[in-house]
Amino acid sequence: MNIFRNSYLLLRYHQVKITRLGNMNSYYPVSIIATRSIADDVSKKLVFISKSNNIFENLALEDWFYKNFDFENQSLLFMWVNTPCVVIGRHQNPWLEVNLKNLSQNSVLLSRRNSGGGTVYHDQGNLNCSFFTSRARYNRKYNLETICGSIRSHWNLDLTISPREDILLNSYKVSGTASKLGHRNAYHHCTLLVDVDPSLLHQMLNVHELGIQSNSTPSVRSPTLNLKACCPEISVDEVIHILGCYYIKNSPLCFQGFDFVTPSEENFPGLNLIKQSFSTWQWIYGKTPSFSLCCPIGDQSSEIKIQVLNGKIERLHFQDVTIGKQDALRLNTLLVNQKLDSELHGVISNSSVFGTMGEDRFSKLNEILLTLCLTSV
Amino acid sequence: MRRQGLVCHLGLQRHLFTVGRDWCRKFIRVNMASATRRIVCSFRQHKLFYLKSRLQYNAVALPFNLAGPYGYVEQIHPLATRFFHASKTFYGEKVPFKLSDIGEGITEVTVKEWYVKEGDKVAQFDPICEVQSDKASVTITSRYDGLISKLHYAVDEMAKVGTPLVDIEVSGSVSEAPVEELQEKDAIPLGEREESLELELPAEKVLTTPSVRKMASDLKINLRNVQGTGRDGRILKEDMLRHIESLSSSKSTPKPSQVPQQQAKAVERETTSQQPSPSTKTPQIIRPSVPVGVDRSEPIKGFKKAMAKSMTASLRIPHFGYCDEIDMTSMAALRHSLKENPMVKERGIKLSFMPFFIKAASMALHHFPVLNSSVDEACENITYKASHNIGFAMDTSLGLIVPNVKNVQSLSVMDVAIELARLQELGNKGSLGATDLTGGTFTLSNIGSIGGTYAKPVIMSPEVAIGAIGRVQVLPRFNSKGEVVRASIMQVSWSADHRVIDGASMARFSNLWKVYLENPSTMILDLK
């Protein structure tokens, strides 16, 4: 007689219906994915915790692991916490997602990560977890289940996974997810709102409508909640500890397998180069997909359409003939091929061009341009 | 007309090879368009033939001993140099590179950025583009070396999985099937007659195509024995096949050799020597005309593969067995009475023995938590699992699978029965979920439902114990008064991991389970 466990899941996509039976625990809907079985994952599990709080260093380290580590026989959970900053997705538009004025006023850093998805606000009460595996073992659901399982087992919080793969607590979002898949390696990272300052969060991500039209990935806004609101004893350090142990599946009293890493050039050769590339204006603002916005002139009857490519004003479309050739020429020389940065901000504020052309007519344009140029690295 | 430095033919095959530059410079340059009938190159080693380019290529393949780093020449036949292939250095087969499945049921992605443009050279594993699906950003890398000839999507367009993403001109041969099978009719005729070509036909050589030659060498057939029906006595593929047929049909009798027309005399001499003398005729074995069964082999995959894999893992565990006999008379009576009970009828659940077995096992596990534990691979840590996730073996059309009932310690017998029914139904449909199939901590296998008494079950890693329950048989037993009574007897065979479980614990656990089942009322005492 042979008994065996079915380790290979069939390629099917359907929801398993949950039935409430007596006092049985409820399980969230599971979709079956054709991958190797979760129980079969005999790869070595590593847990690294970053000692740095700098967003650029941590992003660079994450990228370093993705490019340089071999995950054929091991998987890595990398956990990191940052000083206040906003991180936008790879193909997002910072002007659309982030309130740049508030950003500079509160000296909050802005950065762009390499994976897709939406915009998130980080601070010391937010934990970031990056799950690194080989391309074949990539399984977002499993990673989210690990997080939910660990928190549920220790603090008895009822975390569920939404269809968009966010972690929800009482239908409020407590985590956002994004991932990057390459030829050999893949990673899936997510945030976890343990004790984040909600007012700052809203200030940073609260953008005034500028009328930007773009093909960049939009963020889907949802109401958020801190884990601490439902469970006062929880803290980021404890979550790190519990999640790490759960990931390695040892008993909670064991400290083996956790490594505290310092992102530095000696430990990770080539890291500085990556860090620098992530800190440049070119990466943060210049990688924006092309977008355009319309700005009314004078008495709202005519418009100028500004087209921006790679963070630079590519061209100005004058939708109406009322703008004289001279004015058009002046605007073109001033603006076209200029990066939307503080330099242009200075030029526009100090320039007398707008004055000569008639301040009232171009006041709206002036305003919009100044708002756009509030970028700072 | 024989000219020094004359040239080779061009082939029709599209898998073309690049060349070292030297030879090309003689007549054409790389990337120069070749016109029809233009002299392309020359080579010295072989007979000289006039090369006419019939196709538009830019560079020419060299003979193999002068080939460049990228390719090779297939075969050089002194007469039919039709196997030379001309190649443009950058003109290869256009292969559509399809967008492969990304997983997670994603059918459409947005192309976010191109890392190459048309006309760029790419190597294998170079990143081509970045696509985004919901929140996953995927870097697509090239599968081939070559030149990008076409991008099918622009930035921000939706690309469907499975459709071509880019067209790559591959510089080397990319198809899996080797280039072969140049039939007579495909070959370029060996120079037109008006070019006054003199061909010396070596008398010993037999005229065939390389595919026929290969076939002959594979089947170990002497080409001289095959009769050719093509032009000038060429052996065609049909001739070959005919020869093979004739060989197989005349196996039992010594075969008379086939004779090509030109060499009739030589072969006649051979034939006469091969005929056997009548006096030494051997008796023939009468072969019966019963069709013989054919061996069938198939790859092991799916469930069988999973089984093979988990069995190999289980073999590392040192098993010990412990068997016992359980008197199921009271349990059978209880079940019978419960079936008639209105409460059970109202709930509409079929009550078999299995819910009782599972619940009794869970209750016994409370007292012996070591049996509900898990050891890691190196056997350095033992984890005592809190929840009793008891698996049970289920036979489905696809094979044996083992789903488990979660947290039996918190369930009543009725709950277990309901859950069993649910899992059975899902199992029959073949749609069990990952949660149901993983996370088990203890297993019971009711092989007795099919048959058998004692068994030696194999522990399912990473658990540490398993039980196999045999058939319920009615046997004569002595009761407490010494009388022979009929008793429903059922055997159970436990296997446990001897690294962490000793015989005594297993025995005591089995005894406790036995007590629960032999006197079901004791289960009420330990109800939680």
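Naming convention: chains lettered A, B, ... in sequence-line order (proteins, then strands); numbering from 1 in each chain. These numbers were taken from a predicted model, which means no experiment stands behind them.
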- prompt: Out of curiosity, A:Lys180 NZ to B:Ser137 OG, how far, rounded to the nearest 0.5 Å?
  reply: 4.0 Å

- prompt: Atom NE2 of A:His91 and atom CD of B:Gln132: how far apart are they, to the nearest 0.5 Å?
  reply: 5.0 Å

field: Distance in Å, B:Glu130 CD paired with A:Leu181 CG, rounded so as to fall on 0.5 Å steps
entry: 10.0 Å

- prompt: If you draw a 6.0 Å radius around OH in B:Tyr454, do more than 12 non-hydrogen atoms from other residues or ligands fall strictly inside?
  reply: yes

query: Atom NE2 in A:His183, atom OG1 in B:Thr139: separation rounded to 0.5 Å?
result: 11.0 Å

query: Within a radius of less than 6.0 Å around CD of A:Glu314, do more than 12 heavy atoms belonging to other residues, nucleotides or ligands occur?
result: yes

query: Would one find more than 12 heavy atoms of other residues, nucleotides or ligands at under 6.0 Å from atom CZ of A:Arg135?
result: yes

field: Heavy-atom proximity to chain B below 4.5 Å, by part of A:Ser216
entry: backbone

statement: For B:Lys112 and A:Asn215 the tightest heavy-atom approach is NZ-O, 3.3 Å

Region of A:Arg164 in contact with chain B, defined by heavy-atom distances below 4.5 Å: both

message: Please identify, among B:Val138, B:Val131, B:Thr110, the residue contributing the most non-hydrogen atom pairs under 4.5 Å to chain A.
response: B:Val138

